[in-house]
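These numbers come from the heavy atoms of this one structure, side chains and all, not from hydrogens, waters or symmetry mates. Computed from a predicted structure; not experimentally measured. Below, chain A is the first sequence line, B the second, and so on; all start at residue 1.
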Amino acid sequence: MAPAGMGDPGPSGRFGRFGGRFVPESLVPACIELEAAFRVAWSDWRFRQRYAELLRTYAGRPTPVTECHRLSEALGVRVLLKREDLTHTGSHKINNVLGQGLLTLEMGKTRVVAETGAGQHGVATATAAALFGLECVVYMGEVDTERQALNVFRMQLLGAEVRPVASGSRTLKDAVNEALRDWVATVENTHYCLGSVMGPHPYPWMVREFQRVVGDEARSQCRELLGGDDPAVVVACVGGGSNAAGTFAGFVDTPARLVGVEAAGGSAIGRGIPGVLHGMHSYLLQDEWGQILEAQSISAGLDYPGIGPEHAHLSDLGRATYYTATDGEVLDALQLLSRTEGIIPALEPAHALAWLVNAARSGDVAAGTTVLLTLSGRGDKDAEQVMRLLG
Amino acid sequence: MSGIIERGVAVEPALRAGRDAGRKLLVTYVTGGLGSGWVDALRAMVEGGADLVEVGIPFSDPVMDGPTIQEASVRALAGGANPVGILDALRRVEVPVPLVAMTYYNLVFRAGHSRFARMLVDSGVRGAIVPDLPLDESGEWETDAAEAGVETVLLAAPVTPDDRLAELCRRSHGFIYGVNLMGVTGERASLAQSAAVLAKRLKAATDKPVIMGFGVSTPDQAVAAAAEADGVVVASALMRLLLDGGGPNAVGDAVASLRAALDGG
Ligand SMILES: Cc1ncc(COP(=O)(O)O)c(C=O)c1O
């Protein structure tokens, strides 16, 4: 069992009472193989070196921490941004897919499948597949292929096949279902490149480890900037929870207050009930019978009725706290950052900003407090949608 | 097992009796709550010669199911199907063969293990198949189910290694559900090569009834799938008939021809 220190969840993949591996028997051997391959790779310095080298020379790491002078002045708190928007492909998703891509090669598999919501993880997976010479199929809900048409084209340019998913809510949840159905039939040569800290063990743990570079870098960058101190508040948006988990991993052993921000219409911690979906035991939006409910958000990347199991555990422990932001607050925050700092954020991290704006105004975050916020992605993919919404 | 169970037919004894009588076992499936005719379809399956009927309790996210059963689940849920309504309807059905619930774990977890198991038994359902609850996660459910008188049927896959297969055969009750192929439920043009291999491995590992399912639609496929095992499951092909408006009679006729092929030799 993983303690609050965000360590190894062990063979059962449990974070407190959450996590686990609730998959059909057909997928159990593949999950066991993946866990074994990851354990070997992650303790092998040659693998770590290849991964670090790719992050540096291909993804553009380390990403900077930017001090936001004008935004800080507007809010009355000191805001530092961890700039995942500056990575290749424009979001933190690249960190995870480079790790899983290398692992796919290690396992001798030749094909990857992925789910995507906003399209960022799909684009990142297609990118890694092109880089490593892997066949790539991305499942994307029909609602999202419409909202994020440009990302569909990007994936196709990168040589991936995008399969629109017409079942269920036609968003991220259903894309995961289809990716799992594909994987059951193709597991011999295919790796499921899951995009967040969710799904069956080892994914929640493995993806957090591939994302911890965000938190580890940010921690030393903050120390440099703050004369050896850590920020008092660390905040990130939460869909499945990978950018937040990676960020938190760097600060969990500091006194920093850890804050995750979900979409108000997809708040698994706020309105969810423990249950089992997509291989994991976690908080889920569901009805009285256990049927999964559809999340509702302007942000395709946060349109998910669940949350990674480690977040459920951190919430139960009280080590991290989870809030929500509404679509309207998010659009305001997106414009505020654009105008004060010249940085157009993606809709997802604009949720974290929206929380910060409210918290600074209400005094929940006291004046003068230093806050590190993970800017998980850039706003280019959302520009057209935001134009329509503001129009 | 404890307590006096009055309703329903216990799974394993019935299947063993059928096998001992020299018959290949025929298991059919119906999605609970599908339209107004699903209970009549269930009865027609029994009249057509099914040895056991699986009743699907539909879930919003059935990851082990292909397009046909997905469509049946969506339709049933859109029509207001829920576990209590389906089980209530089954209470009023007296059939001479065992009934087994097929559902996904979140519905079981949400209701609570013991409560869910008691609900099944109260409706005469004496077995359960939960495909997203593998060996490593199903221990507590198996215990709670057994206490209420519900036999938990475990699934074996073509990729299941020998040690897991042995454990699975030891813990599965009612029968062992052999999954013919790597993939989801649904009609296929031909029977997967992996089917016979797995059936032979299972038969060598256990004396419990071994029933093979997934991708079996036609009488010829049923005969082939049952050849190395004790029986077959036919699901999507029958649901396709219902979804296309076939009605209980068409389903009954299809089951009867499967029965005839299995008996015909
Ligand atoms: C920019 C960005 N941030 C955040 C997310 C949400 O994912 P996670 O919670 O795993 O970081 C997404 C998902 O698509 C995204 O594109």
(request) Sort out for me which of B:V108, B:L135, B:V159, B:L181 touches chain A most, counting heavy-atom pairs under 4.5 Å. (result) B:V159

(message) With a 4.5 angstrom heavy-atom cut-off, is it the side chain or the backbone of A:E178 that approaches chain B, or both, or neither?
(response) side chain

(message) With a 4.5 angstrom heavy-atom cut-off, is it the side chain or the backbone of B:L154 that approaches chain A, or both, or neither?
(response) neither

(message) Is A:L180 in contact with chain B via its backbone, its side chain, both, or neither, using a 4.5 Å heavy-atom distance?
(response) side chain

(message) I need the minimum non-hydrogen distance between B:P134 and A:R21, along with the two atoms involved.
(response) CG-O, 3.5 Å

(request) Counting only heavy atoms closer than 4.5 Å, note whether A:V187 contacts chain B via side chain, backbone, both or neither. (result) side chain

(message) Please check: side-chain N/O of B:E137 versus main-chain N/O of A:V23, any donor-acceptor pairing under 3.5 Å?
(response) no

(message) Please classify the contact between B:P58 and chain A as side chain, backbone, both or neither, with a heavy-atom cut-off of under 4.5 Å.
(response) backbone

(request) Output the distance between atom OH (B:Y104) and atom CD1 (A:I292), rounded to the nearest 0.5 Å. (result) 12.5 Å

(request) Search all heavy atoms of A:R181 against all heavy atoms of B:D65 and return the closest pair with its distance. (result) NE-O, 3.0 Å

(message) Show the nearest heavy-atom pair for residues A:W289 and B:L107, with the distance to one decimal.
(response) O-CD2, 3.1 Å

(request) Heavy-atom distances under 4.5 Å only: say whether B:V74 touches chain A with side chain, backbone, both or neither. (result) neither

(request) Kindly assign one of parallel, tilted or perpendicular to the pair B:Y105 and A:F22, based on the angle between their ring planes and the thresholds 30° and 60°. (result) parallel

(request) Check whether A:D182 gets within reach of chain B through its side chain, its backbone, both or neither, counting any heavy atom under 4.5 Å. (result) neither

(request) Flag the pair A:L277 / B:F59 as yes when at least one side-chain heavy-atom distance between them is below 4.5 Å, and no otherwise. (result) yes

(message) Distance check, rounded to the nearest 0.5 Å: B:D61 atom CG versus A:H278 atom NE2?
(response) 5.0 Å

(message) Using only atom types and a distance under 3.5 Å, with no angle test, would you say the side chain of A:E25 pairs donor to acceptor with the backbone of B:A156?
(response) no

(message) Heavy-atom cut-off 4.5 Å, strictly under: side chain, backbone, both or neither for A:P24 against chain B?
(response) both

(request) Applying side chain to side chain contact (heavy atoms under 4.5 Å, CB included), run through B:R164 and A:V28 and close with a yes or a no. (result) CA-CA 10 Å; B:R164 276 181 75 85; A:V28 171; 3.5 Å; yes

(request) Heavy-atom distances under 4.5 Å only: say whether A:L27 touches chain B with side chain, backbone, both or neither. (result) neither

(request) For residues B:Q70 and A:S167, report the shortest heavy-atom separation together with the two atoms involved. (result) OE1-CB, 3.9 Å

(request) With a 4.5 angstrom heavy-atom cut-off, could you sort out which part of A:I273 is near chain B: side chain, backbone, both or neither? (result) side chain

(request) Using non-hydrogen atoms and a 4.5 Å limit, figure out which bit of B:D136 sits close to chain A: side chain, backbone, both or neither. (result) side chain

(request) Tell me, with the steps shown, if A:E188 and B:M182 meet side chain to side chain contact (heavy atoms under 4.5 Å, CB included). (result) CA-CA 9 Å; A:E188 199 179 321; B:M182 291 301 289; over 6 Å; no

(message) Run B:V63 and A:W183 through side chain to side chain contact (heavy atoms under 4.5 Å, CB included) and show every step you take.
(response) CA-CA 11 Å; B:V63 291; A:W183 199 32; over 6 Å; no

(request) Let me see the working for A:Q286 and B:N106 under side chain to side chain contact (heavy atoms under 4.5 Å, CB included), right down to the final yes or no. (result) CA-CA 9 Å; A:Q286 54 181 309; B:N106 200 48; 3.0 Å; yes

(request) Mind ranking A:S169, A:S26, A:G275 by heavy-atom pairs under 4.5 Å with chain B and telling me who comes out on top? (result) A:S26

